[in-house]
Amino acid sequence: MRVFVAGATGAVGRRLLPLLLEGGHEVIAATRRPEELAKLGVPGVLLDLLDRDAVLAAVRNVQPDAVVHQVTDLANRDLEANARVRITGTRNLVDAARSAGVRRMMAQSIAFAYAPGQGPAPESDPLHLDAPPPRRRTVEGVVALEKVVAEMPEGVILRYGTLYGEGTWYAPDGAVAESVRAGRLRATSGVTSFLHVDDAAHAAVAALDWPAGVVNIVDDEPAPGTEWVPYLAALLGAPPPPRTGRAEPWERGATNARARNELGWTPRWASWRNGFCKLFG
Ligand SMILES: NC(=O)c1ccc[n+]([C@@H]2O[C@H](COP(=O)([O-])OP(=O)(O)OC[C@H]3O[C@@H](n4cnc5c(N)ncnc54)[C@H](OP(=O)(O)O)[C@@H]3O)[C@@H](O)[C@H]2O)c1
């Protein structure tokens, strides 16, 4: 397949390109940064998803069979910028794909936008539309992205768990490790479903053959902060974390039952414990 990848330089995107090439696909990748073009290892185009005319022209020129959307804008921890690229950037990309006759898109969403509820969330649970700010803005971005991708004839929405691995906030040089070392991260009962970035990339490749719809891509072991924060602190040689603080009702994790049972996807890093051990140990 001829695959156009937006977000090719990101934590997931840069792992995705070699996997697509190994799978025999032809890859054209996008970045906003001229200095990244030569490093992509595949033909590249300079593209800002917020520049509608440029997006329309780029996809028309490339004429891909499928588009992969791995764009987020959290490098500066700016939730508004991230919501903007999810809302406006995705609108532009979907319109460009449809006007170029592309049928298929795989897009990155998140598995932690669900409304409060009991236990790890399945895809059928509602998203947290009435969340308080600033979470509400994140959920609005996710809802807009998913709604627009669903306009594609074949839109696959990958709701990723909390990403860890090199290049993410959960890396030895990342913000979360720094916060654990400083004793700032609290161990609450709030539950997180993690996802190794390699598993995120593998799922995006597998999704080239998946039916349209929404699927949680998370590991097998939703983890309360009371387990994973002390575990991480021990791996980092940091002091035991404070056990004060309240869990948010929406911190419930997500289940990968649909990905496993209906789509045959299994995480290579089935438990964050093994993944953390390899990464931080
Ligand atoms: N599920 C999760 O847990 C999750 C999801 C997202 C982010 N995060 C965390 O946040 C960290 C930093 O996030 P990040 O957003 O910088 O993610 P990233 O995956 O490291 O990179 C974002 C990608 O989006 C591209 N991009 C951003 N804005 C764009 C735009 N307007 N037009 C076209 N491409 C655009 C960037 O390309 P260029 O800069 O090359 O143009 C880059 O390829 C991650 O490493 C991760 O720890 C977590």
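Indexing begins at 1, ligand by ligand and atom by atom, following the structure's order. All heavy atoms count here, side chains included; hydrogens, waters and symmetry mates do not.
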Trainee: Nearest to atom 14 (P) of ligand 1, what protein heavy atom do you find, and at what distance?
Mentor: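 Looking only at protein heavy atoms, the one closest to atom 14 (P) of ligand 1 is Thr72 OG1, 3.5 Å.
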
Trainee: Would you check the N or O atoms of Gly10, main chain and side chain alike, for any that come under 3.5 Å of an N or O of ligand 1?
Mentor: yes

Trainee: Any idea which atoms of ligand 1 are less than 4.0 Å away from a heavy-atom of Gly161?
Mentor: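 This gives 1 (N), 2 (C), 3 (O) as the contact atoms.
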
Trainee: Can you tell whether the side chains of Asp73 and Arg86 come within less than 4.0 Å, N to carboxylate O?
Mentor: no

Trainee: Which atoms of ligand 1 sit under 4.0 Å from any heavy atom of Gln108?
Mentor: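 Ligand 1 atoms under the 4.0 Å threshold to Gln108: 5 (C), 6 (C).
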
Trainee: Of the protein's non-hydrogen atoms, which lies at the shortest distance from atom 7 (C) of ligand 1, and what is that distance?
Mentor: Leu74 CD1, 3.6 Å

Trainee: Just which atoms of ligand 1 are under 4.0 Å from any heavy atom in Ala8?
Mentor: 43 (O)

Trainee: Please work out which of Leu195, Leu158, Val176, Thr168 has its closest non-hydrogen atom nearest to atom 46 (C) of ligand 1.
Mentor: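 Minimum heavy-atom distance to atom 46 (C) of ligand 1 goes to Thr168.
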
Trainee: Would a line drawn from the ring center of Phe276 to the ring center of Phe194 be shorter than 6.0 Å?
Mentor: yes

Trainee: Using every non-hydrogen atom in the two residues, find where Ser109 and Glu146 come nearest and quote the distance to one decimal.
Mentor: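 Closest heavy-atom pair between Ser109 and Glu146: OG-OE2, 2.7 Å.
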
Trainee: Just to verify, which of Asp220, Thr266, Asn216 counts as forming a side chain to side chain donor-acceptor pair (under 3.5 Å) with Asn256?
Mentor: Asp220

Trainee: With ring pair (Phe, Tyr, Trp, His ring centres under 6.0 Å) as the criterion, how do Trp169 and Tyr164 come out once you've worked through the C-alpha distance, each side chain's angles and the decisive distance to 0.1 Å?
Mentor: CA-CA 7 Å; Trp169 291 340; Tyr164 70 94; over 10 Å; no

Trainee: So is Val12 polar-close to ligand 1, meaning N/O to N/O under 3.5 Å?
Mentor: no

Trainee: Against the six-membered ring of Trp250, is Arg135 placed for a cation-pi contact (under 6.0 Å from the centre, within 45° of the normal)?
Mentor: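 Yes, a cation-pi geometry.
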
Trainee: Flag Arg33 as yes when one of its N or O atoms lies below 3.5 Å from any N or O atom of ligand 1, and as no otherwise.
Mentor: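 Yes, Arg33 has an N/O under 3.5 Å of an N/O on ligand 1.
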
Trainee: Would you check whether Leu49 has a nitrogen or oxygen atom less than 3.5 angstrom from a nitrogen or oxygen atom of ligand 1?
Mentor: yes

Trainee: Which of the atoms of ligand 1 are close to Ala11, meaning less than 4.0 Å from one of its heavy atoms?
Mentor: 18 (P), 19 (O), 20 (O)

Trainee: Would you mind checking if Asp78 and Arg84 are paired as a salt bridge, meaning a charged N to carboxylate O distance below 4.0 Å?
Mentor: no

Trainee: N/O to N/O below 3.5 Å, does that happen between Trp169 and ligand 1?
Mentor: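 Yes - when backbone and side-chain N and O of Trp169 are compared with those of ligand 1, one distance drops under 3.5 Å.
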
Trainee: Can you tell which of Val71, Val218, Asp73 gets a heavy atom nearest to atom 26 (N) of ligand 1?
Mentor: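 The residue whose heavy atom sits nearest atom 26 (N) of ligand 1 is Val71.
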
Trainee: Under a 4.0 angstrom heavy-atom cut-off, which atoms of ligand 1 come close to Leu47?
Mentor: 32 (N), 33 (C)

Trainee: Could you tell me which non-hydrogen atom of Arg181 sits nearest to which non-hydrogen atom of Pro172, and how far apart they are?
Mentor: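 Answer, listing the atom of Arg181 first, then Pro172: NH2-O, 3.0 Å.
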
Trainee: Thr9 to ligand 1: N or O pair under 3.5 Å?
Mentor: yes

Trainee: Can Glu227 and Arg273 be counted as an ion pair, charged N to O under 4.0 angstrom?
Mentor: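 The answer is yes: the pair qualifies as a salt bridge.
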
Trainee: Considering distance alone, does some N or O of Thr162 sit under 3.5 Å from an N or O of ligand 1?
Mentor: no

Trainee: Taking Val214's backbone N and O only, do any of them form a donor-acceptor pair with Arg258's side chain (distance below 3.5 Å, no angle check)?
Mentor: yes

Trainee: Heavy atoms only: which of Arg86, Arg32, Gln70 is nearest to atom 28 (N) of ligand 1?
Mentor: Arg32

Trainee: Taking only heavy atoms of Gly167, which atoms of ligand 1 are found under 4.0 Å from at least one of them?
Mentor: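 Reading through ligand 1 atom by atom, the close ones are 45 (O).
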
Trainee: Check ligand 1 against Ala75 and write out every atom of the ligand that is under 4.0 Å from a heavy-atom position of the residue.
Mentor: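 Under 4.0 Å from Ala75, ligand 1 has these atoms: 14 (P), 15 (O), 16 (O).
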
Trainee: Do any N/O atoms on Leu163 end up under 3.5 angstrom from N/O atoms on ligand 1?
Mentor: yes

Trainee: In the structure I gave you, are the side-chain heavy atoms of Leu208 and Val156 within less than 4.5 Å of one another anywhere?
Mentor: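 No - every pair of side-chain heavy atoms lies 4.5 Å or more apart.
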
Trainee: I'd like to know whether the aromatic ring centres of Tyr231 and Trp272 sit less than 6.0 Å apart in this structure.
Mentor: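 Judged by ring-centre distance (under 6.0 Å), Tyr231 and Trp272 do meet the cut-off.
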
Trainee: Which heavy-atom pair separates Pro116 from Arg252 by the least distance, and what is that distance?
Mentor: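 Heavy atoms of Pro116 and Arg252 come nearest at C-NH1, 4.0 Å.
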
Trainee: Short N/O distance, under 3.5 Å, between Val85 and ligand 1?
Mentor: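 Among all N and O atoms of Val85, none is under 3.5 Å from an N or O of ligand 1.
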
Trainee: If you count the atoms of ligand 1 from 1 in the order shown, which ones are under 4.0 Å from a heavy atom of Asp48?
Mentor: 30 (C), 31 (N), 32 (N)

Trainee: If you measure from each heavy atom of Tyr170 to ligand 1, is any distance below 4.0 Å?
Mentor: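 Contact absent.
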
Trainee: Ile157 versus Met106: any side-chain heavy-atom pair under 4.5 Å?
Mentor: no

